[in-house]
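Worksheet: one structure, shown below.
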2 protein chains.
Amino acid sequence: MTDASPPTAPRTARERARAELTREIVDTARTHLAADGAAGLSLRAVARDLGMVSSAVYRYFPSRDDLLTRLIIDAYDALGDAAETAEAEVRRTDLRGRWMAIAHGARDWALAHPQEWSLIYGSPVPGYVAPADTIGPASRTTTLLITILADLQAQGGVSDPQKVGRLVRAAMTPIRAAVPEQVPDDLIVRGLMAWTELIGTISLEINGQFHNVIDDMSEYFDHVMNRIAGVLELG
Amino acid sequence: MTDASPPTAPRTARERARAELTREIVDTARTHLAADGAAGLSLRAVARDLGMVSSAVYRYFPSRDDLLTRLIIDAYDALGDAAETAEAEVRRTDLRGRWMAIAHGARDWALAHPQEWSLIYGSPVPGYVAPADTIGPASRTTTLLITILADLQAQGGVSDPQKVGRLVRAAMTPIRAAVPEQVPDDLIVRGLMAWTELIGTISLEINGQFHNVIDDMSEYFDHVMNRIAGVLELG
DNA sequence: ATTTGTCAAGAGCAGTGCTCACAAACATGG
DNA sequence: CCATGTTTGTGAGCACTGCTCTTGACAAAT
């Protein structure tokens, strides 16, 4: 590796123009996504906004789904960024603070970009299968949570680790590979449940399922996430 | 009430034919929904399957959204049915059993009808606002859970009711109106969190978010729902 | 028997994703 | 500097969508 620049550094004017236009396409597509949602994302409309003909866009994205995939990856990355920067501002020893920062960071980002949130945690478009490129950015947020679990275990873990049945333990084989060995099964389950509650609460709020249920979602969210922190015994 | 028949009983042959055809449209629409998802639901394709011209369908449903609304209502009702019948087979005093029956009933229905599940708990179509007709069927499942909370409270409630802050209590005003007075705030919060974990776990499973995380989702789901029952102290 | 209301049909409009042949713009080897 | 080969934008076109409107046929009520 003698070159530290990105894999495809724009050398010629053409390559630079291509990179530029690709960015513009993605940007206006994201604008349309925010306005009309994934279902209303039209390649032709994007082309119109950019003053080009619709077929020209196909030189940059072979299909609408590929454009959507790009938006999904970007969304995962933006969410990961939001969670990471929020968590970075908290003392490493303050596990509860780190959890709360991630939770609030994720929610704030979701409220600011509801359509992009729905893109990654909402119902998948049928016939559309998430390409392998998405799993990297997708795991950024969960990695943060796993690190908290590991740090928690390093400082003594949970007080009453529940025993996990044999079959459940077997079912957890895949996630086991992504979590440090020292973290016991019980803690992984609590972590998964916390993650589910986090994603679930945000999704239900975004989908309006809390209408006529909770008035002040910020207050409720903070309360619930603090309770979760209690279940995880984050101090 | 001298007549127990539905509000618009088909009297003439025309009315009967209309009711029949409406049912056929909804049925084939539901078939298409299951196959291609909400985004792929095409009024023209439904009409083709029924051997009629597309414009004729508009005599029965003024727009595609109205057809979707009907499917949403039906989905809520079907889910409510599944949960209710599952819960009805358990002793009323067995609160844990009732909770587990509802949870498994909901999951089983969701796995059998993933597209319909996504229709009600997935990302909403932008520009589409759920009409008031949907709130009735929508609350059937939650009513079951509220009843369990009330029954739990009637037989002593939870052992260590946590105090809920003033602001959180205020935020819960709407849901308070739907829950018996005796049920304390703490129990309502636990119920909401349980509901969120239930919907969240099922949604994440349906959306494939547990891939490379959990192998045997049935096993994991049962374990988690039992833990939730423990949090609720359902015995 | 005639009016009234309902219905399916078909044409048509505006929009979509996507393909293809063609021509202009460009990068690069001789 | 010029010729070659690649890349890009163009515009026409196909098959599809939701939806509207007019037209002609039929049933129900009067």
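Here is the naming used below: chain letters follow the sequence lines, and residue numbers restart at 1 for every chain. Atom set for the values below is all heavy atoms of this structure, side chains included, hydrogens, waters and symmetry mates excluded.
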(request) Could you check how far CD of Glu15(B) sits from C1' of dG5(C), rounded to whole Å? (result) 12 Å
(request) Please report, rounded to the nearest Å, how far the P atom of dG15(C) is from the CG atom of Leu41(A). (result) 17 Å
(message) As a test of reading the structure: which of dC19(D), dT16(C), dT19(C) is closest to the side chain of Tyr58(B), going by heavy atoms?
(response) dC19(D)
(request) Calculate the interatomic distance between Arg64(B) atom CZ and dT16(C) atom P; express it in whole Å. (result) 15 Å
(message) Counting the atoms with a prime plus P, OP1 and OP2 as sugar-phosphate, which does Leu67(A) contact under 4.0 Å by heavy atoms, base, sugar-phosphate, or nothing?
(response) nothing
(request) Check the distance between dG15(C)'s C1' and Asp36(A)'s CG and give it to me in whole angstrom. (result) 13 Å
(message) If I take atom CZ in residue Phe61(A) and atom C1' in nucleotide dG17(C), what distance separates them, rounded to the nearest angstrom?
(response) 16 Å
(message) Base contacts versus sugar-phosphate-only contacts with protein, heavy atoms under 4.0 Å: please encode nucleotides 22-30 of chain D as B, S and - from 5' to 3'.
(response) -----BS--
(request) Please name all residues satisfying ring-ring contact (aromatic ring centres under 6.0 Å, His included) with Tyr220(B), sequence neighbours left out, ordered by chain then number. (result) Phe210(B)
(message) Checking Trp117(A) against Ser203(A): is there a side-chain donor and acceptor pair closer than 3.5 Å?
(response) yes
(request) Please check if any side-chain donor atom of Thr196(A) sits under 3.5 Å from a side-chain acceptor atom of Thr201(B), or the reverse. (result) no
(message) If I take atom CG in residue Leu43(A) and atom P in nucleotide dC18(C), what distance separates them, rounded to the nearest angstrom?
(response) 7 Å
(message) Would you say CG of Asn212(B) has more than 12 non-hydrogen atoms from neighbouring residues, nucleotides or ligands within 6.0 angstrom?
(response) no
(message) Does Ile135(A), at its CD1 atom, have more than 12 non-hydrogen atoms belonging to other residues, nucleotides or ligands within less than 6.0 Å?
(response) no
(message) So, applying side chain to side chain contact (heavy atoms under 4.5 Å, CB included) with Glu197(A), which one of Leu192(A), Val224(A), Ile202(A) is it?
(response) Val224(A)
(message) Determine whether a donor-acceptor pair (one donor, one acceptor, N or O, separation below 3.5 Å) exists between the side chain of Arg44(A) and the base of dG15(C).
(response) no
(request) For the side chain of Tyr60(A), starting at C-beta, report the closest nucleotide among dA8(C), dG18(D), dT8(D). (result) dT8(D)
(request) Take the protein atom NE2 of His32(B) and the nucleotide atom P of dG18(D), then report the distance between them rounded to whole Å. (result) 11 Å
For a quick test of your reading: what N or O donor-acceptor pairs under 3.5 Å do the side chains of residues 42-56 of chain A make, sequence neighbours left out?
| unit_1 | atom_1 | unit_2 | atom_2 | d |
| --- | --- | --- | --- | --- |
| Ser42(A) | OG | Arg44(A) | N | 3.3 |
| Ser42(A) | OG | Ala45(A) | N | 3.0 |
| Asp49(A) | OD2 | His32(A) | NE2 | 2.9 |

(request) Mind checking ring-ring contact (aromatic ring centres under 6.0 Å, His included) for His104(A) and listing every partner two or more places apart, or none if nothing turns up? (result) Phe221(A)
(request) Check each residue of residues 47-57 of chain B for a non-hydrogen atom within less than 4.0 Å of any atom in DNA chain C, then write out the ones that pass by number, or none. (result) Met52(B), Val53(B), Ser55(B), Ala56(B)
(message) Output the rounded distance in Å from CG (Asp65(A)) to P (dC18(C)).
(response) 7 Å
(message) By the side chain to side chain donor-acceptor pair (under 3.5 Å) test, which pairs, at least two apart or in different chains, include something from residues 20-29 of chain A?
(response) Arg23(A)-Asp27(A), Asp27(A)-Arg30(A)
